Amino acid sequence: MEKTLDHISRYPALPVYYNDDIQTCTEVVNACYHGGIRVFEFVNRGDKAPENFSRLLAYQKEHWPDLLLGIGTIKTAAMAKVFIELGARFIVSPVVKAEIAEETLRRGILWVPGCMTPTEISMAEDLGAPLVKLFPGDALGTGFLKAIKPLFPGMRFMPTGGVNPTSESIRGWLDAGVSAVGLGSKLFAAPEGASGYSWLQERCRELMEWVAGYNEQR
Ligand SMILES: O=C[C@H](O)COP(=O)(O)O
C-alpha cells in the first residue's frame, strides 16, 4: 500500500472517468497515459463498469505498464470485492463505511473514502484509511483544508469534485498540502469542434510537465 501511496504522490493528478463504450474508454485512458498520467480512477457509474474495467486492465498490461488503475464510486464491500478480484489497485468511495475498510485493508489495497467534515475524516482515520478524498473538493476549497489539516497530522488528502485542471488551481491545492487531486468533468471538457483525443493528451502533457517541475522544486 505504501508503494501505491508513493506512486500517487509522484503523479498527483488523477483523472476520474466513466463511459459505457469500451472503445471510448480505451482512447481516453490512452490519451491520458501518453500525456504523462500514471494514476487513473475509472468509476463504477454504469452497468458496464466491471466489464470495461476488466478490459482496461487487460489492455493496461501490454500498453500502459506503469499505470496504476483503480476504481471509484464503490459504496459497498461486495462491490469492492468484485473490483479487487478484477485487479483494482486502489478503491475510492464517496462514503466512509466500515465494511469497505475491512474488505480493502485486509487485502492490503488502498482505500480512499470520501469525506467532507472533520467527523468523517476522523472516522476514516479510525478505520485505517491513510488518504481521504475531500468531496466535493472545489466547494470545500483550500481554506477548508488549511483549517482542518492541523487536526489530522498523519492524514493525506485528495480533493475531488469540480477541481480545475489548471496549474494555478493545482498549485493552490499542492501548496495547501494535498497528496493528489482528482480531475473529472473539467479535465474531460472537450474544446469546441474537437475530434479525437489529442487535445486531452496535450492537456495532460502540459499539466504533468508542470507537476514534474513543481515536484523538482519541492
Ligand atoms: O467523484 C468524483 C467526481 O465525479 C468528479 O467530479 P467532477 O466531475 O466534478 O470533477
Side-chain angles (χ1 to χ4, degrees), residues 3-46 48-49 51-73 83 86-90 92 110 112 133 137-138 158-175 178-218:
K3 269 192 179 171
T4 307
L5 286 163
D6 287 350
H7 195 81
I8 291 175
S9 296
R10 183 162 171 218
Y11 300 104
L14 275 78
V16 178
Y17 182 79
Y18 177 78
N19 197 293
D20 271 340
D21 178 51
I22 185 60
Q23 181 64 27
T24 305
C25 293
T26 308
E27 287 178 29
V28 161
V29 180
N30 200 50
C32 291
Y33 182 80
H34 289 290
I37 293 293
R38 290 295 181 270
V39 190
F40 196 100
E41 180 188 331
F42 191 65
V43 283
N44 179 32
R45 299 222 183 147
K48 292 274 184 79
E51 181 188 332
N52 287 358
F53 187 67
S54 172
R55 290 177 68 178
L56 287 173
L57 281 165
Y59 196 84
Q60 181 238 333
K61 289 192 177 74
E62 198 178 335
H63 300 276
W64 314 313
D66 53 346
L67 180 72
L68 201 64
L69 204 44
I71 186 82
T73 318
F83 283 95
L86 288 175
R89 302 286 301 280
F90 61 91
V92 183
L110 174 67
V112 188
K133 161 178 165 166
D138 185 53
M158 179 174 78
T160 306
V163 174
N164 217 311
T166 60
S167 52
E168 305 85 79
S169 145
I170 294 175
R171 178 190 293 281
W173 282 112
L174 291 174
D175 283 351
V178 303
S179 293
V181 295
L183 303 170
S185 45
K186 290 182 180 162
L187 176 66
F188 294 107
E192 223 172 274
S195 71
Y197 291 100
S198 54
W199 58 270
L200 179 59
Q201 180 169 330
E202 185 53 21
R203 192 173 286 171
C204 292
R205 190 191 60 74
E206 274 178 23
L207 182 59
M208 295 313 284
E209 275 184 14
W210 178 85
V211 164
Y214 183 92
N215 281 344
E216 263 171 37
Q217 282 165 20
R218 273 213 260 206

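This structure is a prediction, so every number in the text was calculated from the model and none was measured. Values reported hereafter were calculated over all heavy atoms of this structure, with side chains retained and with hydrogens, waters and symmetry mates removed.
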Could you state the interatomic distance from CG (D138) to CG (N164), rounded to the nearest 0.5 Å?
7.5 Å
Closest non-hydrogen atom pair, A190 against W199
CB-CZ2, 3.5 Å
CG of L200 to CD1 of I37: how many Å apart, nearest 0.5 Å?
8.5 Å
Under 3.5 Å, is there a donor-acceptor pair between the side chain of R55 and the main chain of I22?
no
Gap between atom CG of L69 and atom NZ of K61 - 0.5 Å precision:
9.5 Å
Evaluate the ring planes of Y17 and F42, with Trp represented by its six-membered ring, and classify them as parallel (under 30°), tilted (30 to 60°) or perpendicular (over 60°).
tilted
Heavy atoms only: give me the nearest G137-P159 pair and the separation to one decimal.
CA-CB, 4.0 Å
Verdict with reasoning, I8 to L110, per side-chain contact (heavy atoms from CB on, under 4.5 Å):
CA-CA 11 Å; I8 291 175; L110 174 67; 3.7 Å; yes
For residues 21-30, pull every pair meeting salt bridge (Lys or Arg N to Asp or Glu O under 4.0 Å), keeping only residues two or more places apart or in separate chains.
none
Using modelled atom types only, decide if a donor and an acceptor are shared between the side chain of Q60 and the backbone of L67 within a distance under 3.5 Å.
yes
Is the Lys NZ or Arg CZ of R171 less than 6.0 Å from the centre of Y214's six-membered ring, within 45° of the axis?
no
N-O pairing of K48 and D20 below 4.0 Å
no
Write down the atom of P15, the atom of F188, and the distance for their closest heavy-atom approach.
CB-CZ, 3.7 Å
Between CZ on residue R203 and OG on residue S198, distance to nearest 0.5 Å:
11.0 Å
side-chain contact (heavy atoms from CB on, under 4.5 Å) for V16 and T160? Distances and angles first, verdict last.
CA-CA 9 Å; V16 178; T160 306; 4.2 Å; yes
Under 4.5 Å between any side-chain heavy atoms of P165 and K186, yes or no?
yes
Separation between CZ of R10 and CG of L5, rounded to the nearest 0.5 Å:
15.0 Å
I71 to V43 - nearest heavy-atom pair and separation:
CD1-C, 4.0 Å
Would you find a donor on one side and an acceptor on the other, under 3.5 Å apart, between the side chain of H7 and the backbone of R38?
yes
For F40 and C32, the nearest pair of non-hydrogen atoms, with its separation, is CE1-SG, 3.8 Å
Keeping R89 on the side-chain end and T4 on the backbone end, is there a donor-acceptor pair under 3.5 Å?
no
Roughly how far apart are N19 CG and R45 CZ, rounded to 0.5 Å?
13.0 Å
Side chain proximity check, M158 to L14, heavy atoms < 4.5 angstrom
yes
Between Y33 and Q201, is there a side-chain heavy-atom distance shorter than 4.5 Å?
no
State, with a plain yes or no, whether a side-chain heavy atom of N30 is found less than 4.5 Å away from one of W64.
yes
What I'd like to find out is whether the side chain of F83 reaches to under 4.5 Å of the side chain of L57, using heavy atoms alone.
no
With a 4.5 Å heavy-atom cut-off, do V163 and S169 have their side chains touching?
yes
Working for side-chain contact (heavy atoms from CB on, under 4.5 Å), residues T26 and L56
CA-CA 7 Å; T26 308; L56 287 173; 4.0 Å; yes
Does the pair Y18 and N52 meet the rule for a side-chain hydrogen bond (donor to acceptor under 3.5 Å, both in side chains), with working shown?
CA-CA 9 Å; Y18 177 78; N52 287 358; 4.7 Å; no
Which heavy atom of L174 sits nearest to which heavy atom of R218, and what is that distance?
CD2-NH2, 4.5 Å
Plane angle bin for Y59 and H63 - parallel if under 30°, tilted between 30 and 60°, otherwise perpendicular
parallel
